[in-house]
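Step one of this worksheet: look at the structure below.
Below, chain A is the first sequence line, B the second, and so on; all start at residue 1. Here the structure is a predicted model, which is why all the values come from computation and not from measurement.
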There are 2 protein chains.
Amino acid sequence: MSNLKILVVEDEEAIREMLVMVLEQANLTVIAVGSAEQARESLADNMVDLIILDWMLPGISGVELARRLKNEPGYKELPIILLTARGEEEDKIRGLEIGADDYVTKPFSPKELIARIKAVMRRSGKLSESGQLSVGDLTLDAEQHKLTIAGRSLEVSPTEFRLMQFFMTNPDKVYSRTHLLDQVWGRSVYIEERTVDVHIRRLRKILAEYGREELIQTVRGFGYRFSMAN
Amino acid sequence: MSNLKILVVEDEEAIREMLVMVLEQANLTVIAVGSAEQARESLADNMVDLIILDWMLPGISGVELARRLKNEPGYKELPIILLTARGEEEDKIRGLEIGADDYVTKPFSPKELIARIKAVMRRSGKLSESGQLSVGDLTLDAEQHKLTIAGRSLEVSPTEFRLMQFFMTNPDKVYSRTHLLDQVWGRSVYIEERTVDVHIRRLRKILAEYGREELIQTVRGFGYRFSMAN
DNA sequence: GCGCTATATTACCGTTTTGTGACAAAAAAA
DNA sequence: TTTTTTTGTCACAAAACGGTAATATAGCGC
């Protein structure tokens, strides 16, 4: 779950520190602020992947901030987890109505919080498939950001790494160039379809050094497939 | 602050987990139980260096357990930190009268808790601060603030030392410049991301004198990684 | 084989990212 | 105080990355 940035909005310092520690422990990048106003500033400067928002805040309350964000086009998709005092059942309902993606009650268990973050991230498709992916003797470790074949590490560029990550997460299926562009490059960029060929070529070249170029197969008329089976 | 064993007595699971995480993060060994009775059993089996005790417990309360322990010859010297709900000022006084060594209010800040534990440990002379980290033939001694490679000591500046300390504590993982800044420099300090590069460079230069510059690896597009493996 | 299309391969080159030395301010030491 | 060390920033150099286009090759129906 690396490389995700979380914005924590909590006015009480002890709890804020607690949150920061728990989140950093879980390998997340954290920005912590104490009010809705500061949260706004942070959002303007930083792209964050999720907000953890205290229900009660001085000035503009957490619920209010959540409600507003969920009505703004730019932040509609930004997952929000609300932090509420224990047992306020109506709060939970109201929070979810407003559009919060989940909520956690104080005091919170670190495990639970992390689990909920993961769940929300997974739902919004932001979870970058943590841990180790293995296909045959190929291993991709997201944490180390390292790709190895039979223990020897491969030198791949960032884009190649992401492409490989995608392939290893979805093996044995054909993907069109368009689909690959969407998934690996991101929906918002327009790039020539042919560019995919070039990156496939680069990956194959690297794999070929270990006699594994057949891992990435061409499916004429459709696209490419990553598979152990020939 | 390693090699110290802490017994946590707290009935509420969320808070118990929280405590465990915070303490383990601080390199302490933790045993966590949910009641005074279980605490008794644990004490019979394990030698612990400090107890963190919730004021309110089902059955025999925390205060009561503290009072009893402080009257038993075998446990008289065992430091106890009481956990109380916020703002119960009389509790504090009563707690200290009973013989508790310190108290912390919920919700607690991780930093504060660790600081108080350290203080209590120091007072009772248990703080040995034998923080030795070793990775390969690299050794970092937190106590002496000394970094040695195969016995020969390296001349590193304070910041470089902390950076190295962080890396050696978290090997084999990529960290972004932002993450490193947060962890090594501390959040709330605004420093150019590229400054990290410079410090990495300085560390590498020192390591290079011993042919070990490859210990710190660049992961293009992501950050840096400390690892023995190539 | 021929013609057509899809894919492979290569080279190019602007852009981005990282490395590096120098410098000055700040902090620490003397 | 003066001197020395430490540290953050900058500017430029070096390296790498990544998209494009041009060209070559391969697949396939006829």
Exercise. So, A:E24 side chain and A:M21 main chain: donor-acceptor pair closer than 3.5 Å or not?
Worked result: no
Problem set entry | Residue whose nearest DNA chain C nucleotide is more 5′ - A:G221 or A:K205 | A:G221
Exercise. Can you tell me how far P of C:dA26 sits from CD1 of B:I191, to the nearest Å?
Worked result: 14 Å
Exercise. Can you check the A:E213 CD to C:dA8 P distance for me, whole Å?
Worked result: 13 Å
Problem set entry | C:dT18 OP1/OP2 closer than 4.0 Å to side-chain N/O of B:R177 | yes
For this session: Report which part of the nucleic acid A:Y224 touches: base, sugar-phosphate, or nothing (heavy-atom distance under 4.0 Å, all strands).
Result: sugar-phosphate
For this session: Check whether any side-chain N or O of B:T218 sits under 4.0 Å from OP1 or OP2 of C:dT17, and answer yes or no.
Result: no
Exercise. Got a donor-acceptor contact below 3.5 angstrom from the A:Q183 side chain to the A:L180 backbone?
Worked result: no
For this session: Check ring pair (Phe, Tyr, Trp, His ring centres under 6.0 Å) between B:Y175 and all other residues, then give those that pass, not counting sequence neighbours.
Result: B:F166, B:H179
Exercise. For A:R202 and A:V219, take the nucleotide of DNA chain C holding the closest heavy atom to each; which residue's nucleotide lies nearer the 5' end?
Worked result: A:V219
Problem set entry | Start and end of chain B contact along DNA chain D [non-hydrogen atoms, under 4.0 Å] | D:dT6 to D:dC17
Exercise. Does A:D11 come within less than 4.0 Å of A:R16, counting only side-chain N to carboxylate O?
Worked result: no
Exercise. Does B:R220 make a side-chain donor-acceptor contact with the base of C:dT17, cut-off 3.5 Å?
Worked result: yes
Exercise. Under the 3.5 Å rule, do the base of C:dG19 and the side chain of B:R204 count as making a donor-acceptor pair?
Worked result: no
Exercise. Distance-only, no hydrogens or angles: does the A:K118 side chain make a donor-acceptor pair with backbone N or O of A:L113 under 3.5 Å?
Worked result: no
Exercise. To the nearest Å, how far apart are A:I216 CD1 and C:dA8 P?
Worked result: 11 Å
Exercise. Looking only at heavy atoms, which two atoms of B:S153 and B:K146 are closest? And how far apart?
Worked result: CB-CE, 3.8 Å
Problem set entry | Heavy-atom donor-acceptor pair, A:Q217 side chain to A:S227 backbone, under 3.5 Å | yes
Problem set entry | Pairwise 5' ranking along DNA chain D for A:Y190 and B:V196, keeping only the more 5' one | B:V196
Exercise. Touch check for A:T159, heavy atoms < 4.0 angstrom, all strands: base, sugar-phosphate only, or nothing?
Worked result: sugar-phosphate
For this session: Write down the distance between CG (A:D197) and P (C:dT5), rounded to a whole number of angstrom.
Result: 17 Å
